[in-house]
Amino acid sequence: MTDTSYVEETAARAAASGQSATARFRERSIEGATADRERVSRLASRVIKAINDTVIDERVTYDEYNALKAWLIKVGEDGEWPLFLDVWVEHSVEEVANDHRAGSKGTIEGPYYVEDAPTLPWNGTVPMRDDEPGRPLLFQGQVRSVDGTPLPSAKIELWHADNLGFYSQFAPGLPEWNLRGTFIADDDGRFEIHTIEPAPYQIPTDGACGQLIAAAGWHAWRPAHLHLKVSHEGYELLTTQLYFPGDPHNDDDIAGAVKPELILDPSPRANGDGYEVVYDFVLDPQ
Ligand code: MBD
Ligand code: FE
């Protein structure tokens, strides 16, 4: 691949990902809160007041106001509302939603989850291309209740970017379920999942979110991460992500979704074939 074709391909993939994330969110028809009038009024008033306070405090000009209007219109046109919200807002929603949990830490879901990935056994290999680039990673552990009881047949959904930082179904040219799988733990709640190490991820730079990042002089990086949903009947669904030690963006994730408990401790495999890591999940009863 020449340099130009790589750049073009990257741009095309980035442009496609916002529209796909918006379409996916609509398809999933996730239920929002029921419209309690007082709650809507209270929340909307606070957000509007926060904006007005900023305008007054910062003496925002008409040029700046019009730039904001144009930018907000573009966020919608680019299909980047899921991206914008999941990068800059979801972490605080997650913090509130999960602060009662005694079990494993969760973190944000992000815009690229897809339901019903192919089901695989407790020791399966995530769907990948024959020549999938990246170091092999053996990800193993056990799912337990907070009281220590193993949770047989717990469900572990795993999805992550490839070695170039692209997610299947949100970037063209990847097999439908590439690096997405649903694993069913064994009778003792154990799993041994074979995958590859994902690359650090740069959020699309060619859309409205990228425009903001460039205009503000921020960076667009998330550290390399695995996304997971771990579930078992009678327990709260755990949505989380796991990170790799030494990633330069563990300390300044653009999405603010790294927690110390979520950094893995992988080691080279004895057979010389990539890395292995053990990580157990602890679920809170419902
Ligand atoms: C991602 O891969 C992601 O996990 C988040 C939270 C936002 C954008 C891209
Ligand atoms: Fe991600």
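Just follow the structure's listing: the first ligand is 1, and inside any ligand the first atom is 1. Just so you know, these numbers come straight off a predicted model, no measurement behind them.
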How large, to 10°, is the angle at the Fe ion (ligand 2) when you draw lines to NE2 on His225 and to OH on Tyr167?
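Reported to 10°, the angle equals 90°.
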[X] side chain to [Y] backbone, donor-acceptor under 3.5 Å:
{"X": "Gln241", "Y": "Leu262", "result": "no"}
{"X": "Ser45", "Y": "Ser41", "result": "yes"}
{"X": "Ser153", "Y": "Ile184", "result": "no"}
{"X": "Asp86", "Y": "Glu90", "result": "no"}

Within less than 2.8 Å of the Fe ion (ligand 2), any N, O or S from His227?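 So His227 does bind the Fe ion (ligand 2) by this criterion.
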Would you mind listing which atoms of ligand 1 come within a distance below 4.0 Å of any non-hydrogen atom of [X]?
{"X": "His227", "result": "2 (O), 4 (O)"}
{"X": "Gly110", "result": "6 (C)"}
{"X": "Leu83", "result": "8 (C)"}

| Residue pair Gly79 / Thr22: nearest heavy atoms and the distance that separates them |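 Minimum heavy-atom contact is O-OG1, 2.6 Å.
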Query raised in the report: Looking only at heavy atoms, what is the nearest atom pair of Lys105 and Lys259, with distance?
Result: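 Minimum heavy-atom separation between Lys105 and Lys259: CD-CD, 4.1 Å.
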Out of curiosity, is [X] lining ligand 1, as in a heavy atom under 4.0 Å away?
{"X": "His225", "result": "yes"}
{"X": "Ala257", "result": "no"}
{"X": "Glu109", "result": "no"}

**Asked** Can you say whether the rings of His232 and Tyr235 are parallel (under 30°), tilted (30 to 60°) or perpendicular (over 60°)?
**Response** perpendicular
Report task. Report the relative orientation of the aromatic rings in Tyr112 and Tyr167; use parallel for angles under 30°, tilted for 30 to 60°, perpendicular for over 60°. Result ->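 It falls in the tilted class, 30° to 60°.
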Quick look: Pro111 vs ligand 1, heavy-atom contacts under 4.0 Å, and the answer is side chain
What's the shortest distance from [atom] to any protein heavy atom, and which residue and atom give it?
{"atom": "atom 9 (C) of ligand 1", "value": "Tyr201 CE2, 3.1 Å"}
{"atom": "atom 6 (C) of ligand 1", "value": "Ile108 CD1, 3.3 Å"}
{"atom": "atom 3 (C) of ligand 1", "value": "Arg222 NH1, 3.5 Å"}

N or O pair under 3.5 Å between Tyr167 and ligand 1
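Yes, at least one N or O pair falls under 3.5 Å.
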message = Using ring centroids (six-membered ring only for Trp), state whether Phe191 and Phe183 fall under 6.0 Å.
response = no
